[in-house]
Amino acid sequence: MNQVRVRFAPSPTGYFHVGGARTALFNWIYARQHDGVFVLRIEDTDKERSNEESVGYFLDGLRWLGLDWDEGPVFQAGRSEEHRAAAAALIESGHAYRCFLTPDELKAMKEEAAANKTEGGFRSPHRELTQEDSDRRAADGEPFVVRFRVPDGETVEFVDLVYGKNVKRTGDIEDFVMLRSDGSPLYNLSVVIDDADMEISHVIRGQDHLSNTPKQILLYRALGKPEPVFGHLPLILAPNKAKLSKRKHGEIVSLLYYRDRGFVPQAMNDFLALLGWSPGAEEERLSLQDLVKRFDISKVNKSNAIFNYRGGDERNWTDPRAIAINGDYIKSMPLDDLLPMVKQEMERASLWQDNFNGERDDWYRNVIDLLRERIRTLDEFPLRGRPYFSDDFEMEERAVKKNLKKEGLAGLLPQFADRLEKLKVFDAETVEAEARAFADEREVKPGLVINGSRTALTGTNVGPSMFHVFEVLGRERSVRRLRAAEAIVTG
RNA sequence: GCCGCUAUCGUCUAGGGGUUAGGACGCCUGGUUCUCAGCCAGGUAACCGGGGUUCGAAUCCCCGUAGCGGUACCA
């Protein structure tokens, strides 16, 4: 049994697209499922558009997701000599030919073909040039491209891992260009040469390449190289079924944006895997290890998936399902796994203090554990957690209006503070008993005191159970904030 | 134009010749509690259209339509 070798081969012309991330993920899973090798190849043949910064995005993104590669990165541009040599060999063996058609001539021919509703793939008249003529014109310096000589009357068959059996008549395949007139190789040639040289056994890539596959198979045959197995993945589209692009759809198509917006890497992997594939009616929260166990490429859906985001919705700034999955992870993952991710966010917000890892460790873990219940992205920790970590936090207007500017609240909060100061122990249970007793005595609803306290202590009207907030904040700060709030109540 | 791929709730999907067509997300309602953006319960909503085969079609076949891809000296 030959070794499974798969590759992820992005072209570094911009950001790391979420669709690309999914392709990488499925390749990685396939490699790990088969004890294979995952190769990273950078397809930077288009020098105009490729740039180094972009390469960094891909490396960062793969590392973030935990998709480690076994070989590479191999840069394709460094291999153009091999590609040219292969083209020359194909001319030599008669599998390719020089085409001297000028762009204008070519255009005219194609227009004519379209006008006559001509069936079948394009054939250049120069396909029939004698070797001598061809050599002479080339020697004379006449510009030419190198086209593949597609055999007539044959059929190309392959069984796609996702789409199943495909049959294509060679008559419908055009004599595609392999080398530009400046001698540089084109995609269909370079992928095949590189995949063949790297002994890629399974080519798993986007469905947009499905129609290229018969051409590439023809190339493998002409080269006398073994054909790999192909698997094409459905595309991820925008809600209007258009291609997802950063220009049109913004940051949400960029993988790294999710890292920056507080995604847990595994939530991202999970979401991506579930876009076009399903483990059946079973558990849908899957670790990378689970995915390796359960994923089945033949069960991938054949139709394109829509990335369901709507602009202008702050709560659902990307596909709501992705956010929901992320929230699930934050709520349920082991606290020790979560903590390092939260630390980064805290540092970013300048809220991190070293004693959170030292004498205040227990306290800090407690707060994070308390907060995580209703948090969906990591960046919410410093945001919602601010009143716990700093005295400098915002009093939300809505909350003030709802909970502090209340009839009958005047004077209550400071008095409640006095009572809290006298408590022997200061934990959730004791504070709750005290609060209820206090409300009872003053003949007000407990909610008045409790909700007033919530806003006094945290500036908001939402959050964890209030008595746990008291406990976590501690007596001193609680009391101080209760008293400080009186100015707002009566103001 | 030509060649090809695809089609189940708003979205991701399960299923598949006879089912109340299932789940998740979203949304709505109710409950819980001191709040909700949490938790619990319920609701909402789908087999692209037309023919054919069949006792019976969402499922199989054909045609159509739509979307996507290829038809580039892009990848």
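Chain identifiers are assigned alphabetically (A, B, ...) following the order of the sequence lines, protein sequences preceding nucleic acid strands; residue numbering begins at 1 within each chain.
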Can you name the side chain to side chain donor-acceptor pair (under 3.5 Å) partners of A:Asn166, sequence neighbours left out? none
With the threshold set at under 4.0 Å for non-hydrogen atoms, list the residues of residues 165-174 of chain A touching RNA chain B in residue-number order. A:Lys168, A:Arg169, A:Asp172, A:Glu174
Base, sugar-phosphate or nothing for A:Val177? Non-hydrogen atoms, less than 4.0 Å. sugar-phosphate
Of the candidate nucleotides B:C34, B:C73, B:C25, which contains the atom at the shortest distance from the side chain of A:Met466? B:C34
Counting just side-chain N and O atoms, does A:Arg205 come under 4.0 Å of either OP1 or OP2 of B:A75? no
Given B:G23, B:A75, B:G69, identify the nucleotide with an atom nearest to the side chain of A:Asn212. B:A75
Does any non-hydrogen side-chain atom of A:Leu404 lie less than 4.5 Å from one of A:Leu413? yes
Complement of B:G38, any strand, by Watson-Crick or G-U distances under 3.5 angstrom: B:U32
Does a donor on one side chain and an acceptor on the other come within less than 3.5 Å for A:His83 and A:Ser184? no
Listed once per pair and sorted, the salt bridge (Lys or Arg N to Asp or Glu O under 4.0 Å) pairs that draw on residues 203-215 of chain A, sequence neighbours left out: A:Glu174-A:Lys215
If you measure only the distance, is there a donor-acceptor pair under 3.5 Å linking the side chains of A:Ser134 and A:Arg98? yes
Within a strict 4.5 Å, meaning less than it, do heavy atoms of the A:Phe176 and A:Asn212 side chains meet? no
As its Watson-Crick or G-U partner within any shown strand, both distances under 3.5 Å, B:U54 has none
With a 4.5 Å limit on heavy-atom distance, are the side chains of A:Phe467 and A:Thr430 in contact? no
Looking only at B:G69, B:U35, B:C25, the nucleotide nearest the A:Ala324 side chain is B:C25
Paired to B:C27 by Watson-Crick or G-U wobble criteria (both distances under 3.5 Å) is B:G43
Judged by atom type as modelled, is there a donor-acceptor pair below 3.5 Å linking the side chain of A:Glu380 to the main-chain atoms of A:Arg376? yes
Please pick, from B:C5, B:U11, B:A75, the nucleotide with the shortest atom-to-atom distance to any side-chain atom of A:Asp319. B:U11
Taking atom types as modelled, find out whether A:Tyr97 and A:Asp175 have a side-chain donor-acceptor pair closer than 3.5 angstrom. yes
Got a list of protein N/O to nucleotides 38-49 of chain B N/O distances below 3.5 Å?
{"unit_1": "B:G38", "atom_1": "O2'", "unit_2": "A:Glu373", "atom_2": "OE2", "d": "2.7"}

Partner nucleotide, any strand, of B:U20 [Watson-Crick/G-U, under 3.5 Å]: none
So A:Gly276, base contact, sugar-phosphate only, or nothing? Heavy-atom distance under 4.0 Å. sugar-phosphate
Nearest whole Å is fine: how far is B:C34 C1' from A:Lys406 NZ? 12 Å
In whole Å, measure the gap between the C1' atoms of B:A57 and B:U19 for me. 14 Å
Does any part of the side chain of A:Leu219, heavy atoms only, come nearer than 4.5 Å to the side chain of A:Arg221, both counted from C-beta? no
Distance check: side-chain N/O of A:Arg285 vs OP1/OP2 of B:C25, anything under 4.0 Å? no
Return yes if the base of B:C73 and the side-chain atoms of A:Ser181 contain a donor-acceptor N/O pair under 3.5 Å, otherwise no. yes
Roughly how many Å apart are B:G17 and B:C60, using the P atom of each and rounding to a whole number? 8 Å
Starting at CD1 of A:Ile325 and ending at P of B:U13, how long is that distance when rounded to a whole Å? 12 Å
B:G49 versus B:A66 - spacing of their C1' atoms, nearest Å: 10 Å
Among B:A75, B:C34, B:C5, the nucleotide that comes nearest once only the side chain of A:Leu210 is considered: B:C5
At under 4.0 Å between heavy atoms, what does A:Pro10 touch on the DNA or RNA strands: base, sugar-phosphate, or nothing? nothing
For a quick check of understanding: with a heavy-atom distance under 4.0 Å over all strands, which category does A:His209 fall into, base, sugar-phosphate or nothing? base
Can you tell which of B:U71, B:C73, B:G67 lies closest to the side chain of A:Lys241? B:G67
Report yes if the side chains of A:His17 and A:Thr23 come closer than 4.5 Å at any heavy-atom pair, otherwise no. no
For B:C2, give the paired nucleotide (Watson-Crick: N1-N3 plus N6-O4 or O6-N4; G-U: N1-O2 and O6-N3; both under 3.5 Å), or none. B:G70
When you measure from every atom of RNA chain B, which of residues 297-306 of chain A have a heavy atom less than 4.0 Å away? A:Asn301, A:Lys302, A:Ser303, A:Asn304, A:Ala305, A:Ile306
Rounded distance in Å between the P positions of B:G4 and B:G43: 47 Å
Yes or no on ring-ring contact (aromatic ring centres under 6.0 Å, His included) for A:Tyr57 and A:Tyr15, after CA distance, side-chain angles and deciding distance? CA-CA 6 Å; A:Tyr57 297 153; A:Tyr15 59 99; 8.5 Å; no
A:Asn451 near the nucleic acid: base, sugar-phosphate alone, or nothing, with a heavy-atom cut-off under 4.0 Å? sugar-phosphate
Side chains of A:Arg454 and A:Phe470 in contact at under 4.5 Å (non-hydrogen atoms): no
Contact nearer the 5' end of RNA chain B, comparing A:Asn316 with A:Pro185: A:Asn316
Looking at the side chain of A:Val462, which of B:C34, B:G69, B:A37 is the nearest nucleotide? B:A37
For B:U65, the nucleotide meeting Watson-Crick or G-U wobble distances (both under 3.5 Å) is B:A7
Quick one: A:Tyr309 OH to B:C25 C1', roughly how many Å, whole number? 18 Å
With the side chain of A:Tyr163 defined as its heavy atoms from C-beta on, choose the nearest nucleotide among B:A75, B:C12, B:U6. B:U6
Applying ring pair (Phe, Tyr, Trp, His ring centres under 6.0 Å) to A:Phe58 and not counting sequence neighbours gives A:Phe16
Between B:A37 and B:C28 - P atom distance, rounded Å: 10 Å
In this structure, how many angstroms lie between the C1' atom of B:G69 and the CG atom of A:Asp208, rounded? 7 Å
B:C68 and B:C12: how far apart are their P atoms, nearest whole angstrom? 15 Å
Using the C1' atom in both, what is the distance from B:U33 to B:C27, to the nearest Å? 24 Å
A:Arg137 NZ/CZ over A:Phe100 ring centroid, <6.0 Å and within 45° of normal: yes
Would you indicate what A:Pro446 reaches in the nucleic acid, counting non-hydrogen atoms under 4.0 angstrom: base, sugar-phosphate, or nothing? nothing
Expressed as a whole number of angstroms, how long is the span from A:Phe470:CZ to B:U35:C1'? 13 Å
Heavy atoms under 4.0 Å, any strand shown: does A:Lys445 hit a base, just sugar-phosphate, or nothing? nothing
Distance check, C1' atoms only: B:U6 and B:U54, in whole angstrom units. 27 Å
From the list A:His202, A:Arg41, A:Gln216, side-chain hydrogen bond (donor to acceptor under 3.5 Å, both in side chains) with A:Asp195 holds only for A:Arg41
Side-chain contact check for A:Ser465: nearest option of B:U35, B:G69, B:C73 is B:U35
Ranking B:C73, B:U11, B:U35 by distance to the side chain of A:Leu186, first place goes to B:C73
